[in-house]
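Since the structure comes first, as structure tokens, the remarks are kept for the end.
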Amino acid sequence: MPATVSPPASITALTLRAAELGGMTLAQLAARVAVPVPASQIRHKGWTGELLERALGAHSGSRPEPDFAHLGVELKTLPVNARGRPRESTYICVAALDGRAQSWEASLVRQKLACVLWVPVEAGPSLPLGERRVGTPFLWRPTAEDERQLRSDWEEIMEAVAIGRLDQISARQGRWLQLRPKAANARAQTPGFTDDGSPGATLPRGFYLRSLFTAQLLARRGGAQPPTTAAI
DNA sequence: AGCTGATCATAT
DNA sequence: ATATGATCAGCT
């Protein structure tokens with residue numbers, strides 16, 4: 001039975017709590033909240049993220065709200081390699097593909113990224129799950145420049161969606177933000193447009209932050225890290 | 001090696 | 001099916 005951690009009362013309490021996790025291994029964290037460490041992530045892809053949620057007192061489950069709704073903070077783990085570079089893009093949210101008009105201001109992408117607590121975690125197939133260590137968490141709010149760039153990509157992608165040309169969009173589009181499949185499998189369906197541009201079911205897709213973007217956040221954060229976690 | 005498209009688990 | 005958490009795996 002997993003142990004329960006109470007929700008942090010403030011952003012300050014949250015960041016302090018997060019800072020204390022820096023340097024810990026996932027095995028130590030798992031023991032603290034009493035959850036087992038899987039042998040592999042192949043069938044537990046979201047395990048690290050869910051572990052951090054528990055450890056920090058988030059418990060929104062799969063509900064469509066921020067992890068720390070009362071604080072307006074979203075929690076995102078960031079898998080990094082031995083050199084401290086992001087190993088993967090970061091999933092943000094699903095995209096509405098039905099062509100209804102949307103504005104950047106009211107977009108889910110903008111809401112999701114309004115305030116994010118990033119938690120770097122060592123990752124890689126050669127590093128056993130339990131031995132991976134938590135890096136130095138940091139709170140991020142998009143700067144005006146961050147938002148300008150994300151908005152530019154979002155609008156370009158959504159313009160193609162709005163005219164029903166889902167077939168013209170690929171993950172190659174977008175400098176910082178991209179649209180990629182987000183589904184149980186390639187047969188999944190959601191309202192959208194078929195390849196000929198007519199209304200119909202299509203593959204669900206989601207917005208992802210390219211690793212180049214998160215790499216810049218890590219670099220911007222800068223600062224000295226403990227020797228053993230020099231890279232993260 | 002990096003990237004794109006596909007996939008896995010769980011809760012609602 | 002939608003939304004949460006992401007990583008896998010084949011191709012360039």
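In what follows, chains carry the letters A, B, and so on, assigned in the order in which the sequence lines appear, proteins first and then strands, with residues in each chain numbered from 1.
Judged by distance alone, with hydrogens and angles left aside, the side-chain atoms of Arg132(A) form a donor-acceptor pair with the main-chain N or O of Leu127(A) at under 3.5 Å. Side chain of Tyr208(A) to main chain of Pro181(A): a donor-acceptor pair is present (N/O by atom type, distance under 3.5 Å, no hydrogens or angles). Using a distance-only test at 3.5 Å, with no hydrogens or angles considered, no donor-acceptor pair links the side chain of Asp67(A) to the main chain of Ala58(A). Side-chain atoms of Arg100(A) do not come within 3.5 Å of backbone N or O of Ala96(A) as any donor-acceptor pair.
Residue Pro79(A) is in sugar-phosphate contact alone, with no base atom involved, counting any heavy-atom pair closer than 4.0 Å across all strands shown. As judged by a 4.0 angstrom heavy-atom cut-off over every strand, Arg43(A) is placed among residues touching the sugar-phosphate backbone only. Heavy atoms of Thr190(A) sit under 4.0 angstrom from primed sugar atoms or phosphate atoms, though from no base atom. Using a 4.0 Å heavy-atom criterion, one finds that Pro86(A) contacts no nucleic acid atom at all. At the heavy-atom level, Arg187(A) lies under 4.0 Å from the strands shown only through sugar-phosphate atoms. If you check every strand for non-hydrogen atoms under 4.0 Å, Gly49(A) touches sugar and phosphate atoms only. Nucleic acid contact for Ala183(A): base, since at least one base atom lies under 4.0 Å from a heavy atom of the residue.
Surrounding CZ of Arg32(A) are at most 12 heavy atoms belonging to other residues, nucleotides or ligands under 6.0 Å away. Within a 6.0 Å sphere centred on CD of Glu65(A), heavy atoms belonging to other residues, nucleotides or ligands number more than 12.
Between Arg110(A) and Glu105(A) there is no salt bridge, since no side-chain N of the basic residue sits under 4.0 Å from a carboxylate O of the acidic one.
The nearest whole Å value for the distance from the CG atom in Leu129(A) to the P atom in dA6(C) is 13 Å. Atom pair Gln41(A):CD and dA9(B):C1' shows a separation of 12 Å (rounding to whole Å applied). When rounded to the nearest whole Å, the span between CZ of Arg87(A) and P of dG2(B) equals 10 Å. Rounded to whole Å, the distance from NE2 on His44(A) to C1' on dT7(C) is 13 Å. Rounded to whole Å, the distance from CZ on Arg175(A) to P on dG2(B) is 18 Å. Distance Ile42(A) CD1 to dA6(B) C1': 14 Å, rounded to the nearest Å. If you measure from atom NZ of Lys112(A) to atom P of dA6(C), you get 10 Å, rounded to the nearest angstrom. Residue Gln189(A) contributes atom CD, which lies 13 Å from atom P of dA6(B) at whole-angstrom precision.
Inspection of the Thr25(A) and Glu122(A) side chains reveals no N or O donor paired with an N or O acceptor under 3.5 Å.
Distances from the side chain of Pro191(A) to the nucleotides dC3(B), dA3(C), dT2(C) place dT2(C) closest. Among the nucleotides dC3(B), dG5(B), dT4(C), the one closest to the side chain of Arg210(A) is dC3(B).
Taking the centre of each ring, Phe207(A) and Trp104(A) stay at or above the 6.0 Å mark.
Between dT4(C) and Tyr91(A), a contact under 4.0 Å exists linking OP1 or OP2 to a side-chain N or O. Between Thr77(A) and dA6(C) there is a side-chain N or O to OP1 or OP2 distance below 4.0 Å.
In the helix from dA1(B)-dT12(C) to dT12(B)-dA1(C), the terminal helix axes, each the rotation mapping four pairs' C1' atoms onto the next four within five end pairs, subtend 30°, rounded to 10°.
Between the base of dA6(C) and the side chain of Tyr208(A) there is a donor-acceptor pair shorter than 3.5 Å. For a distance-only test at 3.5 Å, the side chain of Lys182(A) qualifies as a donor-acceptor partner of the base of dG5(C).
The minimum heavy-atom distance between Val119(A) and Leu75(A), with the atom names listed, is CG2-CD1, 3.6 Å.
Contacts between residues 151-173 of chain A and DNA chain B, defined by a heavy-atom separation under 4.0 Å, are made by Ser170(A), Ala171(A), Arg172(A).
Take the nearest nucleotide of DNA chain C for Glu88(A) and for Glu65(A): the residue whose nucleotide is more 5' is Glu65(A).
Classification of the Trp140(A)-Trp118(A) ring pair by plane angle, with boundaries at 30° and 60°, yields tilted.
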